Each structure stands twice: as C-alpha cells, then as structure tokens.
Asker: 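For reference, the structure I am asking about is given below.
Note that the coordinates shown come from a computational prediction; the quantities given were computed from them, not determined experimentally. For ligands, and for the atoms within them, numbers begin at 1 and follow the listed sequence. Any value given below was found using the heavy atoms of this structure, including those in side chains, with hydrogens, waters and symmetry copies removed.
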Amino acid sequence: MITTITFNPSIDKHYILDDLIKGEVTRAKKVQNTAGGKGLNVSRVIRLLGESVTATGFLGGNSGGFIVDKLSELKINNRFIKVKGETRSCLAIITKDLAQTEILEPGPTIQEDEMAEWVKAYDEILEDSSIICASGSLPRGLSVSTYGEIIKKANIKGAKFLLDTSGEALKKGIESKPYFIKPNIDELKAITGESINSDNDVLKIIDKIHDKGIKLVMVSLGANGSIAGFNGKKYRIYVPKIKAVNPVGSGDSMVAGIAVALERGYNIEDVLAFASATGTANAMEQQTGYVNINNVNKVKEEIRIELI
Ligand code: TA6
C-alpha cells in the first residue's frame with residue numbers, strides 16, 4: 001500500500017489574473033480551491049493514476065473539514081489527525097504571461113500531544129505500507145529532524161521512503177537515508193552549499209548523494225526534464241514541449257508517478273519515464289496536482305532517456 005504524509009496541508013487557492021499589480025485592487029478572472037499541500041497533490045494524482053492510497057498528517061478547523069470532504073470524493077483513505085489549529089491556505093496566482101506567484105501561509109502550530117497521536121497512527125500504518133511519500137514543509141511545533149526520525153522507522157520496516165521537501169528538513173532527512181529524493185537545482189545548492197553550473201556538476205553531486213545511501217535521485221530541471229541516478233547509473237530525461245497551463249504541482253505529480261511505478265514494479269527506465277510524463281501532464285491542466293491519464297500515457301511515449 002502507498003501512504004502519503006502531509007504534515008502541513010493547505011487549501012490551494014488558484015487565482016487567474018491578467019496582471020498582478022502591487023498596491024492595486026485586482027479582480028480574479030477565475031478562482032479554484034483544491035485540497036493541497038504537496039502530499040495531498042501527490043495523493044490525488046496517485047488516485048488518478050489508478051492506485052489506492054492512504055493519506056495522513058494533520059487537519060484542523062473548517063479548512064480541514066473542506067479537505068476531509070475532498071479526500072472522500074477522491075476515495076483517498078483518510079488517516080489524518082484532527083488538530084486544534086486551523087489548516088492553512090496557499091495562494092497560487094497565475095498571470096496571462098504564465099508567471100506564477102505563490103504565497104504560502106505557515107499553517108497551525110502542532111501540539112506535542114497531537115504529534116504523539118500521529119506517531120501512534122504512523123506505527124500502525126507502517127505495518128501495511130510498501131511505499132511512503134512525505135512531501136512539503138514542516139509546520140511549526142514539529143522538529144526539523146521529524147522526517148529523519150520517521151525515515152528510520154520506515155527503513156526498519158523495509159518500506160521505500162520518498163522524500164520531497166527542502167532546506168534543513170531535507171538536509172536532516174537525507175542523513176536517515178530515504179529511498180528517493182527529488183531536489184531541484186536551488187534545493188541541491190542549498191543542501192550541498194556547492195555552485196552548480198553544468199550537468200556535470202549535477203552528476204558529481206548525485207554521486208555524493210548515492211554515497212550517503214540514497215538509492216534513487218531525480219534532479220528536476222523543470223521544462224528541461226531531469227537528471228537521475230540509480231544503482232550506479234545516471235540518466236538524462238528529456239520531456240516533450242507541451243502547452244503549459246499551470247505548472248504548480250508538477251513536482252508533486254512526479255512524486256506520485258515514482259510511487260505508482262515503484263508499487264507496480266516497473267524497471268528503472270519505465271519508472272523515470274512514467275514519473276516524468278506524470279509531472280509534465282500536470283502542467284497541461286488548469287488544476288494544481290491533477291493529471292489526465294491519457295495525457296500521461298501519450299507524453300510517456302515522447303519521453304527520451306539517455307544513459308550518461
Ligand atoms: O507544490 C505546490 C504546492 O503543493 C502548492 O500547492 C502549495 O500547497 C505548496 O506547494 C505548499 O508547499 P509547502 O512546501 O509549504 O508544503
């Protein structure tokens with residue numbers, strides 16, 4: 001079973017504007033509210049790819065209630081812990097030049113007893129999980145080493161832990177050897193402190209990450225595809241040019257593609273192609289964290305993978 005963890009979920013409010021002018025009143029042409037936060041985008045896409053998924057983390061207040069309703073609509077098993085604080089909202093403002101401006105609220109402060117209740121649920125869920133996807137920022141109240149601690153528990157149980165976060169939480173998480181990480185270039189620079197000026201620099205850093213015990217690394221290059229390392233081999237993945245409508249959530253969709261492909265036992269090249277096609281297909285949709293399976297299959301045929 002695939003389990004997703006979203007410690008800091010959000011109602012993703014997606015605004016389409018002609019232009020965003022600071023200090024002026026602007027009326028949104030279109031507004032879309034979705035159950036978001038990286039892990040919930042991952043959960044929704046896993047369902048759209050045809051696999052079942054259990055979602056866990058923290059939800060609170062009326063915003064939490066909105067998300068619970070969305071989970072049941074999507075038939076996502078809900079193992080969230082109810083908290084006193086209010087689940088946050090995150091704004092994604094897309095203007096007609098396709099620039100995207102995101103404003104992310106910090107979210108509620110999680111209390112010690114709420115975290116203790118979650119750890120109990122996690123220990124139970126781990127018994128049936130082959131793959132754990134943990135995505136997004138840590139809310140206030142959770143230690144920066146939280147991902148590192150729960151990765152260790154997953155490794156003991158033999159579950160593959162896919163980690164998609166950034167900054168100190170990623171740095172600490174890496175120390176516990178998750179199965180998979182998907183840093184973008186900025187996150188790679190932040191965690192290594194190294195400058196990255198070429199694909200060759202990326203390849204050297206991937207080797208260092210493998211030396212830390214992480215099996216699968218995908219470095220996202222956005223519309224230029226990605227560079228991946230697995231089992232001592234390196235891959236350059238090229239994605240077809242598409243008409244991007246809303247790129248927000250493409251990284252989350254790629255993680256969903258990795259989880260589904262691993263769950264189905266695909267070989268590494270099919271894992272990389274399926275995940276890249278899923279991330280690309282998300283950008284073709286107005287909704288954040290959404291794919292049309294026909295687009296995924298069509299794009300997958302156009303993905304090119306080169307052994308480096
Ligand atoms: O990746 C897009 C997104 O999931 C947005 O939908 C918004 O929820 C944001 O990321 C949350 O990011 P964070 O790192 O705070 O979990």
Asker: Applying a heavy-atom cut-off of 4.0 Å, say which part of Asp252 lies close to ligand 1: side chain, backbone, both or neither.
Answerer: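 For Asp252, only side-chain atoms sit under 4.0 Å from ligand 1.
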
Asker: Can Thr54 and Asn77 be counted as having a side-chain donor-acceptor contact under 3.5 angstrom?
Answerer: yes

Asker: Looking only at protein heavy atoms, which one is nearest to atom 15 (O) of ligand 1, and what is the separation?
Answerer: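 That would be Ser137 OG, 2.8 Å.
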
Asker: As an exercise, identify every atom of ligand 1 less than 4.0 angstrom from a heavy atom of Val248.
Answerer: 2 (C)

Asker: Let me confirm one number: the OG1-CG distance from Thr4 to Asp164, rounded to the nearest 0.5 Å.
Answerer: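 It comes to 12.5 Å.
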
Asker: Mind checking ring-ring contact (aromatic ring centres under 6.0 Å, His included) for Phe161 and listing every partner two or more places apart, or none if nothing turns up?
Answerer: none

Asker: Per the side chain to side chain contact (heavy atoms under 4.5 Å, CB included) rule, which among Ile150, Ile81, Thr165 passes with Phe7?
Answerer: Ile150

Asker: Classify the side-chain pair Ser198/Asn200 by whether it contains a donor and acceptor separated by less than 3.5 Å.
Answerer: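 Absent: no donor and acceptor within the cut-off.
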
Asker: Report yes if Thr288 has an N/O atom closer than 3.5 Å to an N/O atom of ligand 1; otherwise report no.
Answerer: no

Asker: Listing request: all side chain to side chain donor-acceptor pair (under 3.5 Å) pairs with a residue in residues 11-20, at least two apart in sequence or in separate chains.
Answerer: Ser10-Asp12, Lys13-Asn33, His14-Asn246, Asp18-Lys29

Asker: N/O to N/O below 3.5 Å, does that happen between Glu102 and ligand 1?
Answerer: no

Asker: Return yes when Ser10 approaches ligand 1 closer than 4.0 angstrom through a heavy atom, no otherwise.
Answerer: yes

Asker: Could you tell me whether Lys208 and Glu194 make a salt bridge, using a distance below 4.0 angstrom between a side-chain N and a carboxylate O?
Answerer: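 A salt bridge is present here (some side-chain N lies under 4.0 Å from a carboxylate O).
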
Asker: Give me the residue, atom name and distance of the protein heavy atom closest to atom 4 (O) of ligand 1.
Answerer: Asn41 ND2, 3.0 Å

Asker: Side chains of Ser89 and Glu105: do they bring a donor and an acceptor to under 3.5 Å?
Answerer: no

Asker: Identify the protein heavy atom lying closest to atom 12 (O) of ligand 1, giving its residue, its atom name and the separation to 0.1 Å.
Answerer: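 Residue, atom and distance for the closest contact: Lys38 NZ, 3.5 Å.
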
Asker: Is there a heavy atom of Arg88 sitting under 4.0 angstrom from any atom of ligand 1?
Answerer: yes

Asker: How far is atom 7 (C) of ligand 1 from the closest protein heavy atom, and which atom is that?
Answerer: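 The closest heavy atom on the protein side is Asp12 OD1, 3.5 Å.
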
Asker: Atoms of ligand 1 less than 4.0 Å from Gly37 heavy atoms?
Answerer: 4 (O), 8 (O)

